[in-house]
Amino acid sequence: MASLATEFVGIRSPNPFWLASAPPTDKQYNVVRAFKAGWGGVVWKTLGEDGPPVVNVNGPRYGAVWGADRRLLGLNNIELITDRPLEVNLREIKQVKRDWPDRAVVVSLMVPCEEESWKAILKRVEETECDGVELNFGCPHGMSERGMGSAVGQVPEYIEMVTRWCKQHSRMPVLVKLTPNITDIRYPARAALRGGADAVSLINTVSSITSVNLDTFSPEPSIDGKGSHGGYCGPAVKPIALNMVAEIARDAETRGLPISGIGGITTWRDAAEFIALGAGTVQVCTAAMTYGFRIVQEMISGLAQYLDSKGMTLGDLRGRAVPNVTDWQYLNLEYVTKARINQDLCIKCGRCYAACEDTSHQAIAMKPGRVFEVIDAECVACNLCVNVCPVENCITMERLPPGATDPRTGRIVGDYANWTTHPNNPMARAAE
Amino acid sequence: MTNSPLTPGIVSGRLPAAALAANFADVEPPLDRHEAMVAADRCYFCHDAPCITACPTAIDIPLFIRQIATGTPEAAATTIWTQNILGGMCARVCPTETLCEEACVREAAEGKPVEIGRLQRYATDIAMAKGLHPFTRAASTGRRVAVVGAGPAGLACAHRLAMHGHDVTIYDARDKPGGLNEYGIAAYKTTGGFAQAEVAWLLSIGGIVIETGKALGRDFTLDDLRARFDAVFLGLGLQGVNALRVPGEALARDAVDFIAGLRQAGDWADVPVGRDVVVIGGGMTAVDAAVQSKLLGAETVTIVYRRGPEKLSASVYEQEHAKTAGVRILTNAAPVAVHGDGAAAEVEFAYTEEGPDGLRQLPERFRLKADQVFKAIGQTLAGVPEGLALTGGKIAVTGPGRTSIPGVWAGGDCAAGGEDLTVTAVAEGRDAAEDIHAALAAGRGRG
């Protein structure tokens, strides 16, 4: 079996599956259970300044979005950073790291934007002999109202400044956790890099209201009839996270900056996708909160089997998809495909027809006996029929070979051409 | 209790009261909310859905399932009732496995259709429990329509006519309205007095009067009705029963009587049944009689059908239900005599074979022990008023139930065309009502 042993900014773990800073990593009891289940590492739930403990709401902390059969697709929370005394957390972290030396223990931190505050806590955290720190610049709720969390993460200059303090006042690796609640993830990532960050981890949760109660007219989760935006996570945010990871992985300035990928990772497959887009480790929360810690066993066996089947090492997989992430303008406009419906697999539901006829290009004919066929002269290859078809692989996209004539445009298909040289592009460069 | 399944003869109380109550409980319990959500979620919301085409009343099934899935079963019930005012009963008794659920694309995809019938029951049960009746009567037209037969066809016709503002009088020969819904369906398919509750709910639209105990040909004639009403709808059902035409026939009982008696019984323990029961026939009536005989505590119950298994008109689902209940099904055996001295003791059968000239009996014979014998070999139209053209033994109709006599429409089992199903009767009654309404509006009607 392929080895999943991971070294990430000098931090070793037996596999790349870490638990993200969140309720599952709030105390020794949970973390020990996680390590017993097989997790490679944890990012301990965010510690704050010494002093009176953080106060949480006493009503519901989570809201949810469900899919079919109440499958949890998205979770939102308004929980704050740890509400346990700093001293207790530090003592437990030290104990856990001592008991589990082969596992990664990274500590998440969030203190006010003052150098002394960071200096003070870094010193105490370093004494636990943990493997590194993660700067929580991501939480969008509660703490951000006090100038911390995403309030820092949304200002690249603050990220750079705090990261620099942390590197100055600590020997530990520093991971900077980024908020997705910005317009362009590259700016905070570049700021972290300039500040000396060893890695970035992303994404933190997305600002969200999961639902509105139509009887009480309160947002959910509802606290005495009122709600506050929370942080959204779970499978629903994975596409957002993948894009942000890819943007950093392929940006000229941040390329090569280690990434710990976070966002809706539920199975080994999700994890492999993040790794292929450049993540060195992945962090999981919602899946564990939904199913418990044992899911890591599926992640470990699944990733190892996949690597074996591909004859790849974990290192081979890392970043493998990054070169294939490009700008729209470079996409091959000579890649002409047509939808093909496999009549043997078709169950005749007609969803492809409804989707194409009502909302797309009228490129599917409904023939007697509920036979659905693609009209090549109309099909723009949008893929919507593939996406709405309930039967996997029933509808596929088939490429027209170069030299063939596209019945829709009457053009002969070429090998490669993109927008940069297209005659309709006023900015087109002359062909060389 | 002194009797048991082994007690000879036709006796009651073969099983303890608790066993009888359990046996005659809802054969398919209603879905709870969670189950309904899971079931509804499986619907693909097909384009021009095959299930709608397969439904004789053309209920917009994907729409009502989506309405259930989004937490509005009341709206779902309205969608159902708009097409099928007896949607509650049809949800219970429709052979969905040969109609909507057979057509469901999930059946093609994975051999497991969306549970359309049970979802329909979920929606209609909720809406009825809330007393919702989402239809109102139009301003009275002053037109009067007679409906003969308070079965599914007649009730559906009457409700639609009442909606259009016509005054309807329904005549029915029996003591209670409902027709086969009240008298002709296995008790475990429609428990808790549902048939009468549904009729009461249907009548709540107003403008409909039911006169029970009034039979066509006995208490009034078709000419009387044509003279007194602007239009007449005949939903007579099939009152005759086919005969075996074998020696000893008098020792056999009509299965429909047995089924009707069961439905009207106050206490299952009072219903007598044989120790060894033989049911002759191969349709739903045979299954209903056989299964209920078994549920009452008969020791052995055998359905015997003269043709091959592929010709059984009871659906595969019904056949499986019977077998699970412990009923044996024999095919290719035709009765030649019922033996017994004053009461049935045995039925003698000849093996049969399909040949080029049709079914023929083989010389080999066998006998089945039987202290009770039921005939379930089909019902026939009886007591048809003179002057009505017939075809294939049923009232000939054109278009939406127009008979050969102007101003007289017919639908349901008594009319030619369509399967003899509750849902088909509802569709025919409804469509005839629309045609009657159009005719009355156009000044036609009474010929």
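For the numbers below, each heavy atom of this structure counts, side chains included, while hydrogens, waters and symmetry mates do not. Small disclaimer: the values here were computed from a predicted structure and weren't measured. Each chain gets a letter, A, B and so on, in the order its sequence line appears, and its residues count up from 1.
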Working for side-chain contact (heavy atoms from CB on, under 4.5 Å), residues A/Arg370 and B/Asp48: CA-CA 9 Å; A/Arg370 299 183 69 81; B/Asp48 188 14; 3.9 Å; yes
Atom CD of B/Glu310: over 12 foreign heavy atoms under 6.0 Å: yes
Most contacts with chain A, counted as non-hydrogen pairs under 4.5 angstrom, among B/Ala69, B/Ala40, B/Pro50: B/Pro50
Nearest atoms (heavy-atom pairs only) where B/Asp41 meets A/Asp69: OD2-N, 3.9 Å
Expected output: side-chain A/Arg70 to main-chain B/His34 donor-acceptor under 3.5 Å: no
Heavy-atom pair of closest approach, residues B/Cys46 and A/Cys349: CB-O, 3.0 Å
Neighbour count >12 (heavy atoms, 6.0 Å) for atom NZ, A/Lys310: no
B/Asp32, CG: over 12 other non-hydrogen atoms inside 6.0 angstrom: yes
Exceeds 12 heavy-atom contacts within 6.0 angstrom, atom CD of B/Glu419: no
Residues A/Glu357, B/His47; criterion side-chain contact (heavy atoms from CB on, under 4.5 Å); working and verdict: CA-CA 10 Å; A/Glu357 193 71 10; B/His47 171 77; over 6 Å; no
Whether over 12 other heavy atoms sit under 6.0 Å from A/Asp224 CG: no
